[in-house]
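Okay, so here's the structure we're looking at.
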Amino acid sequence: MQRLTIERTRSTLAVDFDPQGVLRMHGESYPENSLKFFQPVLTWLEEFLAAAGPDRPLRADLDIVYFNSSSSKALMNFFDMLDEAARGGAPVTVVWRYHEENEIARECGEEFAEDMEAVCFEMAPYGDGGANGA
Amino acid sequence: MAHDRVSLFGAEEGVIAWAEEALGPGRTEPLSAAEGARLLREYRKLYRQCTRLVTLGDRMQRQLNGLNEQLAASEKKYRDIFENVVQGIFLAAPSGRVNDANVAMARLLGCDGPGELMAGPGLLAFLSDEEDWRALLEALLVEGGVSGHALRMNRRDGRALWVELFARAHFNGARLVQVEALVSDVTEQRAALETLREQARVDVLTGLYNRRYFMELSHREVARARREGRPASLVYFDVDHFKAVNDRLGHEAGDEVLRTLAALARASVRDLDIVGRLGGEEFAVLLPDTDRAGACCLAEKLRAAFAGCPVATCGGEVRCTASFGLAELGGRADCLLAMLRRADAALYRAKAGGRNAVCAHCGAAAAEPGAALEVDAASPPSRGRGAQEPGTA
């Protein structure tokens, strides 16, 4: 599988999906056309999940400051796919990074976490030093 | 059935299509328990996501309201500064058309309000010289901004105005599209400066040029005469027995005598001549385009006028005389200072010869210091009614 990388813009996320099983997304997401932006992202994940065995570990590292409604629906689909894989037996971790003073980002992460049945959802606040997406 | 989660609502559309078939009229057997469970599961998921989206929508709205309030507060803050600042502010197109202006700017130009300025023909109508605007644009094109840029404007009522601009250019690519400027009225400062400059040039007592400015102007005039090979002469004169006037009648009377001589000197010269009080009771006139004969003529006229003019002072009327020394511009090496030395020597001769006289220096191009003291024996001191001690008439 090819690595998927998308450069960050003012209104779209930076994406770096590694076939080794580390998926990174960070930035703000309010694209003019959310479907157009997220389709390749979700397609990549779908293909990755289809190709990977059921016990292939997967880690999503996210630092998303702001997202609009359609982006949030795409993220819900993203999380659903991860949770389904986790329910199927794959060890899946989501690291939700947010600035410690960004209450909205924290609330969003907590809500996404509530929807997860099998995914290990980690809340990861950071200070002004910034997020270390490792 | 494949869940198409790649498109945003693909999964939901898939469920609807499946349910329509499962519950549709073509179906004969009842819904199985597994099918019912799936329907319930999908419905729960939809409910959950719907709840999330509603929360998210509300949260976003709150966030937006907060931002709007911040924006409005900051807009108001800057609008207040814009409206209440003492300096004029304008945003204008390169054509001079005013896009925005504050109250102070309108007031500065004598307009009723910014609206009038924006509706009007633009800033060029207020400029003394439209070329100044082009020069400003030129500077902005090169520098991007200017500070302390002086501009001469006219108020709507025609009154002259000096302003100082702090301006910034806005570009669209390489094209200058707008000029933003902070404008201060410096008319009073300019006037004060002009007064100071005038005061620095003029002797307060007589209104003649002071020594410094007389020298500055005369240097320039002598240099020009030399360059153009034209004549020029210097008349150096002072009041005879001036100390006696001061001692006998007081300083105020002395001042009156000086003022009278100054007024007579000014009245007897042309506009292009330079008259100065060099200090104390000493005066000088530089006469461009005038040879020794012309200078002699003027000095004689002034001598006679002063001697024949009684001066009314607080101590009574007083008659005074003055002595005059002349020097004409000589050869190439000559200069103002050398002319002054020669005129001084001639004045010394006039004094020595009995005062109330005009004495010219003969050696026009005297280069040696010693020569400056030689006075032409062929032009003896011309004299009026003879030197007199000043006294009350």
Side-chain angles (χ1 to χ4, degrees), chain A residues 4 17 28-50 64-85 87-88 96 98 101-118 121, chain B residues 1-22 32-75 170-173:
Chain A
L4 175 71
F17 284 3
E28 297 183 23
S29 182
Y30 49 100
E32 293 251 343
N33 185 344
S34 287
L35 177 61
K36 195 176 158 203
F37 179 81
F38 281 105
Q39 206 155 31
V41 174
L42 295 173
T43 302
W44 191 97
L45 180 61
E46 197 164 62
E47 284 170 12
F48 174 84
L49 292 173
I64 303 173
V65 183
Y66 174 85
F67 45 90
N68 63 2
S69 310
S70 50
S71 294
S72 73
K73 178 65 172 96
L75 287 173
M76 286 176 190
N77 290 358
F78 176 80
F79 287 130
D80 266 347
M81 288 156 81
L82 292 183
D83 202 41
E84 196 175 282
R87 285 199 305 270
W96 182 259
Y98 61 97
E101 281 170 22
N102 189 345
E103 214 164 295
I104 288 168
R106 182 178 54 79
E107 281 176 22
C108 288
E110 283 169 357
E111 281 168 11
F112 285 136
E114 276 176 36
D115 296 341
M116 300 289 109
E117 271 176 42
F121 202 101
Chain B
M1 200 161 303
H3 286 208
D4 179 9
R5 281 169 299 201
V6 167
S7 67
L8 290 184
F9 289 96
E12 288 74 9
E13 282 157 7
V15 172
I16 288 168
W18 166 77
E20 270 171 351
E21 205 185 301
S32 73
E35 283 171 324
R38 180 182 173 198
L39 212 54
L40 184 61
R41 196 171 63 239
E42 292 295 350
Y43 192 83
R44 274 198 178 122
K45 194 185 102 185
L46 210 58
Y47 168 69
R48 193 191 73 213
Q49 291 199 344
C50 179
T51 314
R52 295 280 172 256
L53 283 170
V54 167
T55 317
L56 187 93
D58 284 354
R59 188 186 291 135
M60 220 143 67
Q61 189 60 54
R62 272 202 310 278
Q63 202 177 356
L64 214 59
N65 289 348
L67 285 173
N68 271 336
E69 277 164 27
Q70 276 178 31
L71 203 65
S74 133
E75 159 85 16
H170 269 265
F171 293 96
N172 184 358

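So that the names make sense, note that chain A is the first sequence line, chain B the second, and so on, each numbered from 1.
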Considering only heavy atoms from C-beta outward, does the side chain of Thr51(B) approach that of Glu111(A) to under 4.5 Å?
-> no
Looking only at Asp115(A), Thr43(A), Leu42(A), Asn77(A), the option with the highest number of non-hydrogen pairs under 4.5 Å against chain B is Asp115(A)
Checking side chain to side chain contact (heavy atoms under 4.5 Å, CB included) against Ile104(A), which of Gln63(B), Met60(B), Arg62(B) comes through?
-> Gln63(B)
Minimal non-hydrogen separation, Ala74(A) against Leu8(B), with atom names = CB-CD2, 3.5 Å
Does the pair Glu12(B)/Lys73(A) count as a salt bridge with the N-to-O cut at 4.0 Å?
-> yes
Just give me the residue among Tyr66(A), Phe78(A), Phe38(A) that pairs up with chain B most often, heavy atom to heavy atom, under 4.5 Å.
-> Tyr66(A)
Exceeds 12 heavy-atom contacts within 6.0 angstrom, atom OH of Tyr43(B) = no
Does any heavy atom of chain A fall under 4.5 Å from the side chain of Thr55(B), the backbone, both, or neither of them?
-> side chain
Salt-bridge criterion met for Arg48(B) and Glu114(A) (N-O under 4.0 Å) = no
Of the backbone (N, CA, C, O) and the side chain (C-beta and beyond), which part of Phe67(A) lies under 4.5 Å from a heavy atom of chain B, both, or neither?
-> both
Of all heavy-atom pairs linking Ser69(A) and Leu53(B), the shortest is O-CD2, 3.8 Å
Does atom CD of Glu103(A) have more than 12 heavy-atom neighbours, drawn from other residues, nucleotides or ligands, at distances under 6.0 Å?
-> no
Under 4.5 Å between any side-chain heavy atoms of Arg52(B) and Cys108(A), yes or no?
-> no
